[in-house]
Amino acid sequence: MKSHLRDLLTQAIEKTAKGEELKMTDLPPLLLEPPKQKEFGDLACNVALIWAKQQRKPPRAIAEAILKNLEDRDGILARAGIAGPGFLNFSFSPKFYYQRLGEFAAGKELEPNLGRGEKVQVEFASVNPTGPLHVGHGRVAVIGDVLARLLGAVGFDVEREYYVNDAGNQMEKLGLSLYLRYRELYGEKIAFPEDGYPGEYVKKLAADAGRQWGEKFLSEASDATIAFFSQYGGENLLAAIRSDLSAFGITFDSFVSEKNLRARGEVEETIPLLSDRGMLYEQEGARWFRSTAYGDDKDRTVIKSNGELTYFLSDIAYHRNKLERGFKKLINVWGADHHGYVPRLKAALSALGYDPQLLQVVLVQMVHLTRGGEPVRMGKRQGEFVSLREVVDEVGADAARFFFLMRKSDSHLDFDLELAKKESSENPVFYVQYAHARIASIFEQARQAGLEVDDVIMRDIKVECLAQPEEIELIKRVIQFAEVIEESVKELEPHRLVFYLLELAGEFHRYYNRFRVISDDPALTKARLLLVRNVQKVIRRGLNLLGVTAPLKMAARSEETMS
RNA sequence: GCGCCCGUAGCUCAACUGGACAGAGCAUCAGACUUCGGAUCUGAGGGUUGGGGGUUCAAAUCCCUCCGGGCGCGCCA
C-alpha cells in the first residue's frame with residue numbers, strides 16, 4: 001500500500017526539485033502514515049513540512065508544487081489534497097483496492113521478503129536447569145518463539161537456540177541440594193544451606209535417585225558424588241523444561257551447553273583475545289575486563305582470584321562462538337531483570353572487534369498473575385513460583401500464548417487466569433478465533449446451499465460488487481497485514497500482530513452483523529465469499545505466527561484446526 | 001545513592017518511533033436477530049497523557065526537574 005504511493009510521490013518530488021531548484025539532498029526519508037482522522041484519507045505525508053524548513057519556503061507552497069507534479073497514470077488514487085499546515089493527504093481508489101485483493105486471492109505471498117536468506121539467531125528461554133519454568137519464563141519463551149516465527153516468515157534463515165548454563169556454582173548448589181535431600185531420605189538430619197534449592201521438585205528428584213541407586217551414595221560424600229548429582233539433576237531438569245516448552249508449542253534447533261564450551265577450551269581462548277587488545281588487567285589477584293572503555297558502569301571480573309572463570313567470561317565466549325558461526329544478527333530474549341547485563345556484553349563484543357549492533361536484546365518484563373482480579377501469591381521464599389506448566393494446564397496453550405503476547409514486552413503484564421479461561425467475548429483470544437470459525441461456518445453454509453465455494457477464489461469474481469464502504473475498509477485491513485508483519489519484525493514487537501488481529505476480527509464481526517455474505521445475488525455472494533475467505537486467510541496466518549490454533553469450530557475447545 | 005524500564009479513560013493497555021480533535025477492550029448505562037454461529041453487533045458517558053518547565057510549525061513521544069512504581073547495581077549465577 002505504502003510502496004505504491006511512495007513510488008508516485010518520489011517521482012513527483014524529484015520533478016518538483018528540478019522545477020523549483022530545491023535541494024534533494026536535504027530531504028529526509030519519505031514518511032507515509034495513516035492519519036488518525038478518516039477524513040484525511042488513507043495515507044498522509046509530512047514531507048512538505050520538513051522540507052519547508054530547510055528550503056525556507058512555506059510548506060503549503062511546496063505541497064502544492066509536489067501535488068502539481070504528481071502523475072497518477074494508473075489511477076490508483078481517488079483523492080490527493082493538502083490540509084492543515086501542509087500535509088499531503090491521499091486516498092486510494094476502490095480500483096486500487098480491488099487489484100490488491102485480487103493479488104491476495106491469487107495467492108500472493110502474505111509477508112514481504114525482508115531477510116533474503118540472511119542467517120539470524122534467536123536465543124531465548126535459556127533458563128538454568130536448576131528448576132522448573134515459571135510463568136515469567138513462559139512469557140520470555142513465547143516472545144522468543146514468535147520472534148523466530150516472524151523472522152522466518154519474512155525470509156530470514158532463523159536458528160532458535162537455547163543456551164544451557166550447565167557449569168559452575170549454581171549447578172554445584174543444585175547437586176549439593178539434591179544430595180542432602182537424598183541423605184535426608186535415609187533418616188539423616190541435615191542442615192539445608194541458605195543458598196540451596198529448596199523446591200519440592202528437588203525432594204522428588206532425590207527420591208527418584210533413591211529408588212534408582214538405593215543407599216549407594218550414602219557413604220560417598222565426595223566432590224565426585226556432588227558432581228554426579230549435579231549432572232543427574234541438570235539432565236532431568238532440562239528434560240522437564242524441554243517437555244514443558246514442547247507442550248507449549250516451543251522447540252529449538254540447537255542447545256549449546258556451557259560445559260561443552262568450556263571443555264572445548266573456547267572459554268579460555270577468549271582471554272588472550274581480550275588481553276592482546278589491552279582490555280584486561282589484574283587487580284587484587286583477579287582479572288578484570290575493562291568494560292568501562294565501552295560505556296559500562298564498571299569493569300567486570302572475568303577470572304576470580306581463586307582462579308575460577310566467571311559466567312560472564314563464558315558468555316563472552318558463547319557470543320563469540322555465535323558470531324563465528326556466521327550469524328548476521330543475534331537476538332537475545334531476556335527477562336528484564338538482566339537488563340544491567342546488556343552493556344557489558346555489548347562492550348565485550350566491541351572489545352573483540354565486533355559491531356555491538358549485531359546483538360539486539362529484547363527485554364521482557366515480569367508477569368503478574370491474577371485470578372478474577374485478585375493477585376495470585378507467589379511464595380518466593382519457598383522457591384515455589386507458579387509454574388508455566390500449571391498455567392498452561394489450566395487455561396490452555398492458545399490462551400496462555402495469546403495473553404503473553406498481548407502487551408509490549410517491556411511493560412509489565414497482568415495475566416488474569418479467570419479471563420483467559422472464559423469462553424466469551426471478554427476473552428480476546430476467543431474473539432479472534434471465533435472470527436475464523438465463523439467464516440468457516442459461512443462456507444459450510446454456502447456449500448450446503450449448493451454453491452461452488454472451492455472455486456470461489458479464482459473464477460469470475462466481480463470484485464466491483466464490493467462497493468460498501470465497510471467492504472473497502474475490510475479490504476484495506478486485510479492488505480495491511482504485510483505492513484504489520486514488517487513493523488513487528490523491524491521493531492521486534494510481536495504484540496503489534498496481536499493488536500492487528502483483534503482489529504481485523506472486530507471489523508469482520510461488525511461487517512458480518514451488518515451484511516449478509518450469502519444472498520440472492522450470485523455475483524455479490526461470490527465477491528463477498530472471496531472477501532471473507534481472505535479475511536480468514538490472514539487471521540489464520542496471523543494466529544499461526546503466534547503459535548495459536550485457528551479452529552474451524554468453536555465448540556468446547558475444539559481440536560479441529562486448519563493448518 | 002547511581003543506572004535502566006514504566007506512569008495514558010474507573011480497570012487492562014494501544015498510539016506505526018515528532019504529526020492533525022490521544023484510540024481500543026473490559027466495566028457502567030441504553031439498545032439489536034422468525035435467514036450465514038448472540039462466543040456477535042449498535043449507541044452513550046468517561047482524559048490537563050503523574051506534576052512543572054523547556055526544544056518547534058507540531059510533544060504521550062525528545063531534553064531538564066520533581067513525584068510515584070518496578071528492576072538492576074558482587075571476585076553471585
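Numbers restart at 1 for each chain; the letters A, B, ... are given by sequence-line order, proteins then strands. All values reported here derive from a predicted model rather than from experimental measurement.
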With sugar-phosphate meaning primed atoms plus P, OP1 and OP2, does E491(A) contact a base, only sugar-phosphate, or nothing at under 4.0 Å between heavy atoms? base

Which is more 5' along RNA chain B, the nucleotide nearest A505(A) or the one nearest Y511(A)? Just name the residue. Y511(A)

Without decimals, in angstroms, what is the distance between N165(A) CG and C76(B) P? 15 Å

Residue D410(A), side-chain atoms from C-beta onward, closest of C5(B), A77(B), C13(B): C5(B)

Could you tell me whether R496(A) contacts a base, only the sugar-phosphate backbone, or nothing, with contacts defined as non-hydrogen atoms closer than 4.0 Å? base

Nucleotide by nucleotide, 5' to 3', does protein get under 4.0 Å of the base (B), only the sugar-phosphate (S), or neither (-) in nucleotides 43-51 of chain B, counting heavy atoms? ---------

From C-beta outward on N513(A), which listed nucleotide comes closest to its side chain: C41(B), G38(B), U17(B)? C41(B)

What does R438(A) touch in the nucleic acid at a heavy-atom separation under 4.0 angstrom: a base, only the sugar-phosphate, or nothing? sugar-phosphate

Side chains of N169(A) and Y311(A): do they bring a donor and an acceptor to under 3.5 Å? no

Does D297(A) get its side chain close enough to the base of G3(B), under 3.5 Å, for a donor-acceptor pair? no

Kindly indicate whether the side chain of D315(A) and the base of A77(B) share any N or O donor-acceptor pair separated by less than 3.5 Å? no

Please evaluate the base of C5(B) for a donor-acceptor partner in the side chain of Q365(A) within a cut-off of under 3.5 Å? no

On the nucleotide G74(B), are OP1 or OP2 found under 4.0 Å from the side-chain N or O atoms that K298(A) carries? yes

Using a heavy-atom cut-off of 4.0 Å across all strands, would you classify E493(A) as base, sugar-phosphate, or nothing? base

Between A15(B) and A59(B), how many Å separate the two C1' atoms, rounded to a whole number? 13 Å

Contact class for P59(A) (heavy atom, under 4.0 Å): base, sugar-phosphate, or nothing? nothing

Which class fits the ring pair Y500(A) and F481(A): parallel under 30°, tilted 30 to 60°, perpendicular over 60°? tilted

More than 12 foreign heavy atoms under 6.0 Å from CZ of R447(A): is that the case here? yes

Can you find a side-chain donor-acceptor pair between N165(A) and Q170(A) that sits under 3.5 Å? no

Syn or anti for C67(B), please, going by whether the chi angle lies within 90° of 0. anti

By the rule that syn is within 90° of 0, classify the base conformation of U17(B) as syn or anti. syn

Go through the N and O atoms of the side chain of T301(A) and the base of C75(B), and report whether any donor-acceptor pair is under 3.5 Å. no

Any heavy-atom pair between the side chains of Y318(A) and E258(A) that's under 4.5 Å? no

Atom NZ of K38(A) with >12 non-hydrogen neighbours under 6.0 angstrom: no

Closest to side chain of Y512(A), choosing from C41(B), G37(B), G70(B): G37(B)

Spell out yes or no: do the side chain of H339(A) and the base of G3(B) have one donor N/O and one acceptor N/O closer than 3.5 Å? yes

Give a yes/no verdict on a cation-pi contact between R344(A) and F289(A), requiring under 6.0 Å between NZ or CZ and the six-membered ring centre and an angle within 45° of the axis. no

Under 3.5 Å for both distances, Watson-Crick or G-U wobble, that's the pair rule; now give the dot-bracket for RNA chain B, with | marking pairs to another strand and [ ] for crossing ones. (((((.(..((((.....[...)))).(((((.......))))).....(((((..]....)))))).)))))....

